[in-house]
Amino acid sequence: MRLFAAVLPPAVAVDELAAEVRELKQLPGADGLRWTEPAGWHFTLAFMGEVPEETVPGLSERLARAAHRTEPFPLALHGGGRFGDRALWAGASGRLDVLRRLAERADAAARKAGIDMDRHRGYTPHLTLARSRAAAVDLRPFVAALDGFEGGPWTVGELSLVRSHLPRGGITGQRPRYEEVGRWPFGGAG
Ligand code: 2AM
């Protein structure tokens with residue numbers, strides 16, 4: 001099954017961002033983008049790709065340990081950015097250092113569970129809002145519009161393992177469906 005570890009924002013944060021995204025969708029070019037659904041919004045920590053069923057218990061055990069070693073930390077949705085003209089995303093503020101450490105721990109957990117992880121080129125905390133369709137859309141005005149966006153902070157207290165169900169037959173416009181298959185609380189501070 002296709003899996004990734006993630007931090008899921010709480011409903012209040014999702015609602016704030018959804019209101020912001022409604023504004024973004026009024027901008028020229030918005031129709032040329034494939035927007036992600038609020039119900040699936042997440043900050044990816046480590047993408048594992050296809051993982052055999054028998055690997056999941058060991059992976060879960062190691063992710064539980066990674067979570068236990070992490071202290072709860074504040075995070076807020078903040079501004080945005082883009083990956084070239086391919087993807088538009090919302091960024092974060094708060095303890096990005098702890099988020100980054102958590103991403104490293106999730107990556108290490110997956111490796112120790114025997115999953116062949118890509119060598120990552122630096123971790124960019126991001127929540128993907130839209131991807132371009134075939135024709136490139138200039139994403140700069142969208143990033144500029146997100147510039148002043150600051151959601152309310154929340155305390156991240158758990159790590160999630162999410163399964164991605166890809167759309168059948170790659171039908172254009174269809175999005176993957178995400179299903180949380182595991183969740184582990186962080187350990188105490190320190
Ligand atoms: P993205 O949002 O930047 O596309 C589920 O696919 C999540 O895993 C997405 O948030 C996606 O990031 C992330 N991811 C990281 N590497 C990936 C890869 N090689 N293929 C698909 N998704 C990947």
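Keep in mind that this is a model prediction, so the values were computed, not measured. Order of appearance sets the numbers: ligands from 1, and atoms from 1 within every ligand.
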- Query: In terms of the angle between their ring planes, are His42 and Phe4 parallel, tilted or perpendicular, with boundaries placed at 30° and 60°?
  - Reply: tilted

Starting from [atom], find the nearest protein heavy-atom neighbour and note its residue, name and distance.
atom	result
atom 15 (C) of ligand 1	Phe47 CB, 3.3 Å
atom 5 (C) of ligand 1	Phe4 CE2, 3.4 Å
atom 7 (C) of ligand 1	Thr44 OG1, 3.4 Å
atom 2 (O) of ligand 1	Thr128 OG1, 2.4 Å

- Item | Electrostatic pair Arg2:Glu50 at N-O distance under 4.0 angstrom | no

- Query: Does Glu104 come within less than 4.0 Å of Arg100, counting only side-chain N to carboxylate O?
  - Reply: no

- Query: Within the distance-only criterion (no hydrogens, no angle test), does the side chain of His126 pair as donor or acceptor with the backbone N or O of Thr124 below 3.5 angstrom?
  - Reply: yes

- Is there a donor in the side chain of Arg105 and an acceptor in the side chain of Thr70, or the other way round, less than 3.5 Å apart? yes

- Which of the atoms of ligand 1 are close to Arg131, meaning less than 4.0 Å from one of its heavy atoms? 1 (P), 2 (O), 4 (O)

- Message: More than 12 heavy atoms of other residues, nucleotides or ligands under 6.0 Å from NE2 of His165: yes or no?
- Response: yes

- Query: Among His42, Arg163, Arg2, His126, which one has a heavy atom closest to atom 9 (C) of ligand 1?
  - Reply: His42

- Report yes if Ser164 has an N/O atom closer than 3.5 Å to an N/O atom of ligand 1; otherwise report no. no

- Message: Would Tyr178 count as a polar contact of ligand 1, with the cut-off being nitrogen or oxygen pairs under 3.5 Å?
- Response: no

